[in-house]
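As a basis for the values below, the full set of heavy atoms in this structure was taken, side chains included, without hydrogen atoms, waters or symmetry mates. Here the structure is a predicted model, which is why all the values come from computation and not from measurement. So you know, we letter chains A, B, ... as the sequences are listed, proteins then strands, and number each from 1.
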Amino acid sequence: MKIAKRMAEPHISRVQSPSGLTSSATTTFRNLRNALPREFFDRDPREVSRGLLGKVLVRRNGRKLIAGRVVEVEAYLGAEDAAAHAASGKTARNAVLFGPPGYAYIYFIYGNHFCLNVSTLPDGIAGGVLFRALEPLVGLEQMALARDTELGDLRALTSGPGRLAEALGITRERDNGKDLTSTRSDLWLADDGFVPEKVLVTKRIGITKAADMPLRYLIAGNRFVSGRKSDAKP
DNA sequence: TTATGGATTAGCT
DNA sequence: GCTAATCCATAAA
């Protein structure tokens, strides 16, 4: 299966995802270097969540890039959000959430999975956004290798917080506290100019406390959103 | 020091 | 649809 098509100029070569069906499935290598600035994250997590939909999460492994478009996120607030890790105050684990905006907060869950968040709001104020699903764009073979799955099932690569972390090789040891606003890092967020047509907001998935707050944001109709079809309702 | 349950996933019924 | 797997942060004692 062809996973990437390079044209004459490598810096502006166009990348075509195998899904190939939506405009969100393309990007350019040049645009992957356009990192979101610190200020982008220095806002309420709900605003950052909306803003992150359609942006691209980029991982660099040596000289190879892995990238996926953000199609589903959840906002986690501070003390007023019982489901947030920050709800009961600052600890060694959640310290990044209380720090400056734009840094990776990674936690280990259910004995099996890592989940990636980005810190929001100024230093001293807790808040974050959980990445729940990506649409694979670049480095699909590396993703499949990391996930130990077949390339034929693209949804299995990055549809779900634990899955996308595994596909990009994200671990707490490697990435917790990492600056996500710099391409000098090996993990960052890029703006390639794509704008989602329609965004939906729903209840968050997999929590018991504060379960009714509408803090899950997703790109309407995107097939890489996690969970069942019935979950993708407002 | 011990107990509890979780921002999940994969595999089976 | 249901649940085991499997670690560890946090709360309780």
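Backbone-only engagement by Ile207(A) is indicated by non-hydrogen atom pairs under 4.0 Å involving sugar-phosphate atoms exclusively. If you check every strand for non-hydrogen atoms under 4.0 Å, Tyr110(A) touches a base. Within 4.0 Å of Arg147(A), counting heavy atoms only, lie sugar-phosphate atoms of the nucleic acid but no base atom. Nucleic acid contact class of Arg204(A) (heavy atoms, under 4.0 Å, all strands): none.
In the interface, the side chain of Tyr107(A) is paired with the base of dA7(B) through a donor and an acceptor atom under 3.5 Å apart.
Rounded to whole Å, atom P of dA7(B) lies 16 Å from atom CD1 of Ile106(A). In this structure, the CG atom of Asn94(A) is 14 Å from the C1' atom of dC8(C), given to the nearest Å. If you take CZ of Phe108(A) and C1' of dA7(B), they are 14 Å apart, rounded to a whole angstrom. If you measure from atom CG of Asp153(A) to atom P of dA10(B), you get 9 Å, rounded to the nearest angstrom. When rounded to the nearest whole Å, the span between CG of Leu164(A) and C1' of dT9(B) equals 13 Å. Atoms CZ (Phe114(A)) and P (dT6(C)) sit 15 Å apart, rounded to a whole Å. Spacing between atom NE2 of His113(A) and atom P of dT9(B) amounts to 6 Å, rounded to whole angstrom units. Residue Asp148(A) contributes atom CG, which lies 12 Å from atom C1' of dA10(B) at whole-angstrom precision.
Between His85(A) and dA7(B), a side-chain N or O to OP1/OP2 separation shorter than 4.0 Å is present. Remark: Arg132(A) is not in phosphate contact with dA7(B), judged by side-chain N or O atoms under 4.0 Å from OP1 or OP2. Taking side-chain N and O atoms only, Ser88(A) has no distance below 4.0 Å to OP1 or OP2 of dT10(C). Contact between the side-chain N/O atoms of Thr208(A) and the OP1/OP2 oxygens of dG6(B) is found at a separation under 4.0 Å. At dA7(B), none of the side-chain N or O atoms of Arg216(A) fall inside 4.0 Å of OP1 or OP2 (strictly under the cut-off).
Checking dA11(C) for Watson-Crick or G-U wobble geometry (two distances, each under 3.5 Å) identifies dT2(B) as its partner. Checking dT6(C) for Watson-Crick or G-U wobble geometry (two distances, each under 3.5 Å) identifies no partner in any strand.
Of the residues listed (Val129(A), Leu215(A), Ile207(A)), the one engaging Tyr76(A) in a side-chain contact (heavy atoms from CB on, under 4.5 Å) is Ile207(A), and it is the only one. When the options Arg60(A), Arg59(A), Gln142(A) are evaluated for a side-chain contact (heavy atoms from CB on, under 4.5 Å) with Leu65(A), the one that passes is Arg60(A).
With respect to the salt-bridge test (charged N to carboxylate O, under 4.0 angstrom), the residues Arg147(A) and Asp153(A) do not qualify. Salt bridge annotation for Arg184(A)-Asp179(A): absent, with no cationic side-chain nitrogen under 4.0 angstrom from a carboxylate oxygen.
Of the N and O atoms on the side chains of Arg132(A) and Ser226(A), at least one donor lies less than 3.5 Å from an acceptor on the other residue.
Checked against dT8(B), dC7(C), dA5(C), the side chain of Asn112(A) finds its nearest nucleotide in dA5(C). Closest to the side chain of Leu97(A), out of dT9(B), dA7(B), dT10(C), is dA7(B).
By the criterion of a centre-to-centre distance under 5.5 Å and near-parallel planes under 30°, the ring of Tyr76(A) forms a stack with the base of dA7(B).
With C1' as the reference atom, dG1(C) and dA7(B) are 22 Å apart, rounded to whole Å.
Place Asn117(A) and Glu166(A) on DNA chain B by their nearest nucleotides, and Asn117(A) ends up nearer the 5' end.
Classification of the Phe108(A)-Phe114(A) ring pair by plane angle, with boundaries at 30° and 60°, yields tilted.
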